[in-house]
Amino acid sequence: MSGWENFAFTFLNGAVMATYLPAIAAGFVVTVELAALVVTCGLALGLALAVLRALLTDRRGGRWMALPILFLVDLFRAVPPLVLVVLFFFGLPAAGAELSGFAATWLALTLVLMAFAEEIFWAGITAVPRGQPEAAAALGLRPVPVLFLVVLPQAVRMVIPPLTNRTIAITKNTALGSVAGVSEILGASQSAVAFAANPSPLILGAAAYLLLFIPVVCLGRWIEARYAVRTR
């Protein structure tokens, strides 16, 4: 057997790939479901925290009231997602609260995305020229309508590109679910490798990731170009 034939038999074994294709396809579906839940919940929670922080800082003494938000955000930005997945899946049962691997991965990645999304939304809110909310307040609008009608529409538009990048990054981290027994793409591929004693399913898993992320990356580039803030 030549060198290329040996490589093809080891890494591109068609018979092995065909055998485990259904399992990896099922893992693809799990990855999409997990990513959709993480992105939806993480962005929603991040926006809610940013709005709450903005409302608190506009009040007298509100900066001190916003400290718990800052602590929460900094905590989940600093802790690696893998540590959170392991803690929620293996650590919580010791405290009497048991989560499935899917739920533990979802919770860990949602909290990480929430923290980064809050900082991105907050950056957009503070980037809106101060004169605009002041002018709206001078016209008689209360703080809450000013925030939702004047500030947030501009802030969200400005932060779409960095949010897109963060969304893509956190979606890739769904592979961490494999340590909690989640049969997503990587988990299904690793199980197939163990059963087949052949690494070809990993190549199939890599192809599944390409199939998932190439459209997402292309969409992200389009969104960045579409909503980028023009300087000229």
Side-chain angles (χ1 to χ4, degrees), residues 20 22-56 64-123 159 162-195 201-202 205-206 208-209 212-213 216:
Y20 294 100
I24 294 176
F28 182 90
V29 174
V30 172
T31 298
V32 172
E33 293 174 344
L34 181 58
L37 284 173
V38 168
V39 170
T40 302
C41 298
L43 293 182
L45 290 173
L47 178 60
L49 285 181
V51 168
L52 179 60
R53 181 178 173 183
L55 293 175
L56 288 175
W64 295 103
M65 297 173 64
L67 285 179
I69 296 177
L70 297 178
F71 173 78
L72 188 69
V73 167
D74 289 342
L75 174 65
F76 288 115
R77 288 173 67 200
V79 178
L82 178 59
V83 174
L84 292 176
V85 173
V86 172
L87 178 64
F88 291 149
F89 184 68
F90 295 103
L92 286 183
E98 187 170 348
L99 293 178
S100 66
F102 187 95
T105 306
W106 164 76
L107 180 59
L109 297 184
T110 295
L111 292 174
V112 172
L113 180 58
M114 173 199 71
F116 282 98
E118 190 280 336
E119 284 296 287
I120 293 172
F121 281 121
W122 177 251
V159 302
L163 279 178
T164 302
N165 290 333
R166 177 51 54 182
T167 297
I168 292 173
I170 203 68
T171 303
K172 292 180 180 178
N173 283 338
T174 54
L176 297 176
S178 61
V179 304
V182 179
S183 188
E184 41 73 59
I185 294 174
L186 183 60
S189 300
Q190 290 175 329
S191 296
V193 169
F195 282 112
L202 280 179
Y209 276 116
L212 174 62
F213 284 112
V216 173

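What you see is a predicted model; the values in this text were computed from it and never measured.
Taken from CD in Glu118 to CG in Asp74, the straight-line distance is 9.0 Å, to the nearest 0.5 Å. Distance OG1/Thr40 to CG/Leu45: 10.5 Å, rounded to 0.5 Å. Thr105 contributes atom OG1, which lies 11.5 Å from atom CG of Leu37 (distance to the nearest 0.5 angstrom). Rounding to the nearest 0.5 angstrom, the gap separating the CG atom in Leu111 from the CZ atom in Arg77 is 14.5 Å. For the atom pair CG of Leu82 and CG of Leu109, the computed distance is 10.0 Å after rounding to the nearest 0.5 Å. With rounding to the nearest 0.5 angstrom, the CG atom of Leu43 is 8.5 Å from the CG atom of Leu47.
In this structure, Leu70 and Leu67 have side chains that are in contact, with non-hydrogen atoms separated by less than 4.5 Å. Contact annotation: the side chain of Ile69 approaches that of Leu56 to within less than 4.5 Å [non-hydrogen atoms, C-beta and beyond]. Using a 4.5 Å heavy-atom threshold, the side chains of Val179 and Phe89 count as separate.
When all heavy atoms of Ser189 and Leu202 are compared, the pair lying nearest together is CB-CD2, 3.9 Å. Shown here for Pro201 and Tyr20, the closest heavy-atom pair between the two residues is CG-CD1, 4.4 Å. Of all non-hydrogen atoms in Leu84 and Ala108, the two that sit nearest each other are CB-CB, 3.6 Å. Minimum heavy-atom separation, Asn173 to Pro81: ND2-CG, 4.0 Å. When all heavy atoms of Ala188 and Ala23 are compared, the pair lying nearest together is CB-O, 3.6 Å. The shortest non-hydrogen separation linking Val39 to Leu113 is CA-CD2, 3.6 Å.
One N or O on the side chain of Ser178 and one on the backbone of Ala175 form a donor-acceptor pair closer than 3.5 Å. No donor-acceptor pair under 3.5 Å is formed between the side chain of Thr110 and the backbone N or O of Cys41. Thr174 places a side-chain N or O within 3.5 Å of a backbone atom of Thr171 that can act as its donor or acceptor partner.
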* To do: Begin with the C-alpha distance, continue with both residues' side-chain angles, and end with the deciding distance and a verdict on side-chain contact (heavy atoms from CB on, under 4.5 Å) for Leu72 and Leu49.
  => CA-CA 10 Å; Leu72 188 69; Leu49 285 181; 4.3 Å; yes
* Val30 vs Phe102, side-chain contact (heavy atoms from CB on, under 4.5 Å): CA-CA, chis, key distance, verdict -> CA-CA 9 Å; Val30 172; Phe102 187 95; 4.1 Å; yes
* Take Trp106 and Leu99 through the side-chain contact (heavy atoms from CB on, under 4.5 Å) test and state the conclusion after the steps. => CA-CA 10 Å; Trp106 164 76; Leu99 293 178; over 6 Å; no
* To do: Determine, stepwise, if the pair Leu163 / Phe121 fulfils side-chain contact (heavy atoms from CB on, under 4.5 Å).
  => CA-CA 9 Å; Leu163 279 178; Phe121 281 121; 3.4 Å; yes
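Counting heavy-atom neighbours within 6.0 Å of Phe195 CZ, excluding the residue itself, gives a total of 12 or less.
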